[in-house]
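So that the names make sense, note that chain A is the first sequence line, chain B the second, and so on, each numbered from 1. For the numbers below, each heavy atom of this structure counts, side chains included, while hydrogens, waters and symmetry mates do not.
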Amino acid sequence: MKRQTNIGMFVAVRATIRKIPRGKVATYGDVAYAAGFPGAARQVVWALHGSGGLLPWQRVVGAGGKILLPGVQGAEQRLLLQSEGVVFIGLRVDMKQHRYTWPMLRKKFRGIK
DNA sequence: ACGTTGACGGATT
DNA sequence: TAATCCGCCAACG
């Protein structure tokens with residue numbers, strides 16, 4: 001897949017996040033990979049900031065299903081997800097059940113650490 | 001123009 | 001298992 005640079009990255013990332021179905025979650029790394037930027041997890045954060053509010057930001061969590069958003073926002077994210085039916089195990093999402101894997105990424109699938 | 005930051009992740013030690 | 005290091009790259013001061 002051709003590596004696009006600049007702003008196109010945000011467009012790709014946002015489009016990717018928008019595909020996460022209700023009741024499912026994806027990690028920053030997975031989103032970056034699916035968008036065509038393997039390893040660029042940090043840029044996903046910027047993409048979320050840029051379009052914040054218009055997309056299901058709450059469905060993006062850290063590796064292992066951990067909520068990384070600090071403070072009240074983290075609590076809010078948890079509530080939003082729970083209201084969508086997402087189950088938590090302690091402080092993390094039950095990825096076994098709610099992790100969303102893009103069809104095209106099947107080959108790259110790897111279990112949770 | 002340059003250095004730092006960021007809701008990170010994975011590899012290495 | 002935990003602590004540390006490094007890459008990712010746009011935005012910001």
Side-chain angles (χ1 to χ4, degrees):
Chain A
M1 187 181 288
K2 183 184 289 183
R3 202 148 194 280
Q4 27 190 331
T5 52
N6 60 56
I7 327 300
M9 168 181 280
F10 294 93
V11 178
V13 170
R14 293 185 340 204
T16 300
I17 293 176
R18 229 168 284 150
K19 288 176 186 149
I20 304 175
R22 187 173 170 289
K24 290 280 186 181
V25 299
T27 67
Y28 296 91
D30 282 346
V31 170
Y33 192 92
F37 307 92
R42 299 184 97 106
Q43 284 55 254
V44 174
V45 174
W46 273 103
L48 283 168
H49 256 287
S51 43
L54 302 179
L55 37 92
W57 61 272
Q58 72 273 28
R59 293 175 197 158
V60 184
V61 298
K66 194 160 123 207
I67 292 203
L68 303 172
L69 193 54
V72 293
Q73 297 213 39
E76 185 188 339
Q77 176 173 26
R78 178 170 177 146
L79 290 177
L80 284 169
L81 288 176
Q82 290 181 319
S83 73
E84 291 186 350
V86 174
V87 176
F88 279 75
I89 296 181
L91 294 174
R92 16 177 108 200
V93 172
D94 180 0
M95 295 305 268
K96 210 143 156 140
Q97 201 181 316
H98 300 287
R99 185 192 196 206
Y100 178 62
T101 49
W102 280 266
M104 48 189 297
L105 296 181
R106 287 291 179 71
K107 54 181 182 182
K108 173 103 182 175
F109 182 92
R110 33 189 145 126
I112 312 298
K113 189 189 300 178

>> With rounding to the closest Å, how many angstrom separate the P atoms on C/dC5 and B/dT5?
In response: 16 Å

> B/dA7 P sits how many Å from A/Leu81 CG, rounded?
Replying inline: 18 Å

> Do other residues, nucleotides or ligands put more than 12 heavy atoms under 6.0 Å from the CG atom of A/Leu79?
Replying inline: yes

> In whole Å, what separates the C1' atom of C/dC12 from that of B/dA1?
Replying inline: 14 Å

> Which nucleotide in the set B/dA7, C/dA11, C/dC8 lies at the smallest distance from any side-chain heavy atom of A/Trp46?
Replying inline: C/dA11

>> Pick the closest DNA chain B nucleotide for A/Thr27 and for A/Gln43 by heavy atoms, then say which residue is nearer the 5' end.
In response: A/Gln43

>> Go through it in stages, so that I can follow the logic: the residues are A/Met95 and A/Val25, the test is side-chain contact (heavy atoms from CB on, under 4.5 Å), and I'd like the CA-CA distance, side-chain angles, deciding distance and then a yes or no.
In response: CA-CA 8 Å; A/Met95 295 305 268; A/Val25 299; 3.6 Å; yes

> Which part of the nucleic acid, if any, lies within reach of A/Leu69 when heavy atoms closer than 4.0 Å are counted: base, sugar-phosphate only, or nothing?
Replying inline: base

> Minimum heavy-atom separation for A/Thr27 to A/Ala63, with atom names?
Replying inline: CG2-CA, 4.0 Å

>> Measuring to OP1 and OP2 of B/dA7, would you say a side-chain N or O of A/His49 lies under 4.0 angstrom away?
In response: yes

>> How long is the straight-line distance from CZ of A/Arg14 back to NZ of A/Lys19, given to the nearest 0.5 Å?
In response: 13.0 Å

> Roughly how many Å is it from CG in A/Leu68 to C1' in B/dG6, rounded to a whole number?
Replying inline: 12 Å

>> Given the structure, check if the side chain of A/Arg42 and the base of C/dG7 hold any donor-acceptor pair shorter than 3.5 Å.
In response: yes

> A/Tyr33 OH to B/dC8 C1': how many Å, rounded?
Replying inline: 17 Å

>> Whether A/Arg78 engages the ring of A/Phe88 as a cation-pi pair (distance to the six-membered ring centre under 6.0 angstrom, angle to the ring normal within 45°) should be assessed.
In response: yes

>> So A/Val44, base contact, sugar-phosphate only, or nothing? Heavy-atom distance under 4.0 Å.
In response: nothing

>> What is the separation between atom CG on A/Leu48 and atom C1' on C/dA10, rounded to the nearest whole Å?
In response: 14 Å

>> The side chain of A/Phe10 is closest to which nucleotide in this list: C/dC8, C/dA11, B/dA7?
In response: C/dA11

> For A/Met9 and C/dG7, what is the distance between atoms CE and P respectively, to the nearest whole Å?
Replying inline: 17 Å

> Roughly how many Å is it from CZ in A/Phe37 to P in B/dG6, rounded to a whole number?
Replying inline: 23 Å

> Roughly how many Å is it from NZ in A/Lys66 to P in B/dG9, rounded to a whole number?
Replying inline: 9 Å

